[in-house]
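Written below as structure tokens is the structure these notes are about.
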Amino acid sequence: MNDTVKIFDTTLRDGEQSPGFGMKPSQKIIMARALADLGVDVIEAGFANASEGDFDSVYTIAEEIKGPTICSLARCNATDIERAAAALKPAGDKARIHVFISTSDIHMREKLNMTPDAVIEQAVKGITMARRHVDDIEFSAEDALRSDPEFLVQIFTAAIDAGATTINVPDTVGYTEPDEMYAFIKYLHDNIPNIDQAVISVHCHNDLGMATANSMAAIKAGARQVEGCINGIGERAGNAAIEEVVMALRTRPDRYGHIGTNIQTEKLGPTSRLLESITGCEAQPNKAIVGRNAFSHESGIHQDGMIKSAQTYEIMTPASVGMGETNLVLGKHSGRRAVAQRIEKITGQYVNPKSNIMVAIMQDFKATADKTPNGCVTDDVIRQIATPYMSTIQSAAQSFMARTHG
Ligand code: KIV
Ligand code: ZN
């Protein structure tokens, strides 16, 4: 690995900002411990001025969690910044204040009722205030991807001059597509004169299902911090899923020039499960990397390939992301090789996949699979199907042994 992308985890802030994902301070600290263990570089622990509970969460996480930088969100106003600074105090030099203000025409006009010049002034004021408390300042231009790129160059240049060490480019409404993101980040990278004094960060929402793709495009264009959430949770359709970004980098060094992360990938699965148990919301079964079906194969052709070599249908091992073992799900698309292998696993008895017994078993199996509501035939049912054939299978095996061993 010759280049590293920082992983900024906002599960406890943006992730929590969505219906059904609210967490109590006691749950946030459990999650923060897991995130630190996973190896994220920054934990956005909350929005300290949003509520007493959020303040307490940021404070407790800043006090207890060692390793990652601990961050609180704040608008560019004195109250938010003071609260963020107070909550982050125990983190010492590992504290980051993340200030933001909108920069798109629609947000400046409709939401802030401010002129672009006034927005720059407010951003600089906020950063200067935050800088009195900590050295590590992130500045976000909310709705950046719908903002005028020339205006962004101006505001980011002023932000870096005022002391911002990370400039974050949020696709707040998940509107962008990858080519556009690449060109946008490249433009900023090439036109902000003091960009060598800050890290470019990207923060993608998933309204069009492109949050991960956009994050990857941003990395190609020079972003070296990616913001996201475990399981891709977050406001509306969610944020970029950290596990996807990390594994895209890991799986495709040919595309990303050996850019890596500090994540211990085998902890991705357990961290995902922990979030599910805390929030009570399971990731969709077909969710990349951490979904329950991410390493399950049902079709006979795929199962046959998997039995011959896992690389035929898996681009990473389940163990490499802490997802246990490959699961060959037996259903109506499964073939006799997979069914025979499962019978052997359940009963300890080898069955020749090419034998007449297997032909008969497969008839019963397919009829059962067709009638099974979710299409998945469980091991208990396989055992029931195989049981009437067991004595024939055993005597076939015995006569085979007698023939081959004299
Ligand atoms: O989506 C967004 O714009 C945000 C910012 C506060 C970074 O969450
Ligand atoms: Zn966001």
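Both counts, for ligands and for their atoms, begin at 1 and track the order of listing. This is a predicted model, so every value here is computed, not measured. Sequential numbering from 1 along the given sequence is applied to the chain's residues.
Ligand 1 has a nitrogen or oxygen under 3.5 angstrom from a nitrogen or oxygen of Asp14.
The protein heavy-atom contact nearest to atom 7 (C) of ligand 1 is Ser140 OG, 3.6 Å. Ranking the protein heavy atoms by distance from atom 3 (O) of ligand 1 puts Thr172 OG1, 2.6 Å first. Remark: minimum distance from atom 4 (C) of ligand 1 to any protein heavy atom is reached at His203 NE2, 3.5 Å. What sits closest to atom 1 (O) of ligand 1 on the protein, heavy atoms only, is His205 NE2, 3.0 Å.
Around the Zn ion (ligand 2), the two atoms NE2 of His203 and OD2 of Asp14 are separated by an angle of 90°, to 10 degrees.
With hydrogens and angles left out, the side-chain atoms of Thr326 and His297 include no donor and acceptor closer than 3.5 Å. Side chains of Asp9 and Thr11: a donor on one and an acceptor on the other come within 3.5 Å. A donor-acceptor contact closer than 3.5 angstrom links the side chains of Ser201 and Asn168. The closest side-chain donor-acceptor pair between Gln303 and Gln341, if any, does not fall under 3.5 angstrom.
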List the steps, then state whether side-chain hydrogen bond (donor to acceptor under 3.5 Å, both in side chains) holds for Thr176 with Asp171. CA-CA 7 Å; Thr176 310; Asp171 183 16; 3.1 Å; yes
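Taking 2.8 Å as the criterion, Glu235 does not count as a coordinating residue of the Zn ion (ligand 2), since none of its N, O or S atoms falls below it.
For Arg13, the heavy-atom gap to ligand 1 drops under 4.0 angstrom.
The Zn ion (ligand 2) sits nearest to atom NE2 when only the N, O or S atoms of His205 are considered.
Residues in residues 230-244 take part in these side chain to side chain donor-acceptor pair (under 3.5 Å) pairs, two or more places apart or across chains: Asp14-Asn239, Gln17-Glu235, His203-Asn239, Asp207-Arg236, Thr212-Glu244, Asn231-Ser272, Glu243-Lys287, Glu244-Lys287.
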